[in-house]
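One structure below.
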Amino acid sequence: MLQFLAQRGADAMIAYDLDRAVRDPRDLEDLIDAKVLYGFGVKSTTGSLRLDNDSDIAMARVLVAMANKSSADTARRVARASKQQAIEGRWHGGRAPYGYRMGDSTWGVTLLVDGRYQEGTTGRDVYESQEVH
């Protein structure tokens, strides 16, 4: 996008919000440098992305840094919860592993071994018996 703007492909970059335009402080600095060098406008529909003066740039830097920290905190919490669920042997979401099917449970998801496996059918036979591969 910056290359497109630098080649005068548009007069301005418009984003919904600051965090939709840039997620990383390095990306913001690249945007600031390109705006200064090539002179295109930068706006957001929510008003959170303005780079028209030093105060706007300083505020954008603070907001991006806080959004980056929030994202890192969330990633750490999700990774920790997934690890804890794995340690406890609990299902942590996604599609059922091959050879299992989803079952109903009041307290969460139950994985049930496909009955065909219990009868001694091979995985290949189960796969080939399905209508959609």
Side-chain angles (χ1 to χ4, degrees):
M1 178 181 8
L2 293 181
Q3 186 177 19
F4 180 75
L5 290 164
Q7 294 171 349
R8 310 278 189 239
D11 295 329
M13 183 191 92
I14 301 174
Y16 174 72
D17 195 51
L18 174 65
D19 70 348
R20 298 286 100 191
V22 290
R23 294 283 176 112
D24 188 270
R26 291 175 295 233
D27 295 337
L28 177 62
E29 294 304 320
D30 289 345
L31 178 60
I32 292 167
D33 291 344
K35 181 194 181 311
V36 169
L37 188 59
Y38 300 108
F40 55 83
V42 177
K43 298 289 180 191
S44 69
T45 58
T46 62
S48 64
L49 178 57
R50 295 184 314 267
L51 302 176
D52 297 328
N53 57 49
D54 291 341
S55 294
D56 292 342
I57 291 171
M59 182 56 69
R61 285 176 174 146
V62 169
L63 291 172
V64 167
M66 294 307 296
N68 197 356
K69 182 189 182 320
S70 176
S71 178
D73 290 346
T74 299
R76 187 180 61 252
R77 285 192 304 272
V78 168
R80 178 66 186 119
S82 292
K83 182 177 181 179
Q84 186 63 36
Q85 287 173 327
I87 289 170
E88 294 172 2
R90 294 187 305 162
W91 179 249
H92 54 274
R95 294 177 57 178
Y98 193 74
Y100 292 81
R101 60 184 172 81
M102 304 299 260
D104 294 326
S105 173
T106 305
W107 299 104
V109 176
T110 302
L111 289 177
L112 304 171
V113 176
D114 190 307
R116 292 172 289 190
Y117 282 110
Q118 292 174 336
E119 297 166 3
T121 306
T122 67
R124 182 173 195 78
D125 292 336
V126 171
Y127 175 78
E128 290 174 351
S129 70
Q130 296 176 4
E131 292 180 27
V132 179
H133 296 287

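In this text the structure is predicted, and so the values were computed from the model without any measurement. This chain uses plain numbering: 1 for the first residue, then up along the sequence.
- Between Met59 and Asn53, every side-chain heavy-atom pair lies at or beyond the 4.5 Å cut-off.
- Glu29 pairs by the side chain to side chain donor-acceptor pair (under 3.5 Å) definition with Arg61, not counting sequence neighbours.
- Every residue was checked against the side chain to side chain donor-acceptor pair (under 3.5 Å) condition with Asp33, not counting sequence neighbours, and none meets it.
- Cluster membership for Phe4 and Leu37, using ILVMFWY side-chain heavy atoms within less than 4.5 angstrom, is not shared.
- Note: Leu31 CG to Met1 CE = 7.5 Å, rounded to the nearest 0.5 Å.
- In terms of the side chain to side chain donor-acceptor pair (under 3.5 Å) criterion, Gln3 has no residue partners (sequence neighbours excluded).
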Full working for salt bridge (Lys or Arg N to Asp or Glu O under 4.0 Å) between Asp24 and Arg26: CA-CA 5 Å; Asp24 188 270; Arg26 291 175 295 233; 3.0 Å; yes
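- The CZ atom of Arg23 sits 13.5 Å away from the CG atom of Leu28 when rounded to the nearest 0.5 Å.
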Review item, side-chain donor-acceptor pairs of residues 62-74, under 3.5 Å, at least two apart:
unit_1: Lys69; atom_1: NZ; unit_2: Asp73; atom_2: OD1; d: 3.3
unit_1: Lys69; atom_1: NZ; unit_2: Asp73; atom_2: OD2; d: 2.7
unit_1: Asp73; atom_1: OD1; unit_2: Arg76; atom_2: NH1; d: 3.2
unit_1: Asp73; atom_1: OD1; unit_2: Arg76; atom_2: NH2; d: 3.3
unit_1: Thr74; atom_1: OG1; unit_2: Ser70; atom_2: O; d: 3.0
unit_1: Thr74; atom_1: OG1; unit_2: Arg77; atom_2: NH2; d: 3.2

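- Partners of Lys83 according to the salt bridge (Lys or Arg N to Asp or Glu O under 4.0 Å) rule, which considers only residues two or more places apart in sequence or in another chain, do not exist here.
- The minimum heavy-atom distance between Lys43 and Asp52, with the atom names listed, is NZ-OD2, 2.7 Å.
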Name every donor-acceptor pair, under 3.5 Å, that has one atom in a side chain of residues 11-19 and the other anywhere in the protein, sequence neighbours excluded.
unit_1: Asp17; atom_1: OD1; unit_2: Thr46; atom_2: OG1; d: 2.5
unit_1: Asp17; atom_1: OD1; unit_2: Ser48; atom_2: OG; d: 2.6

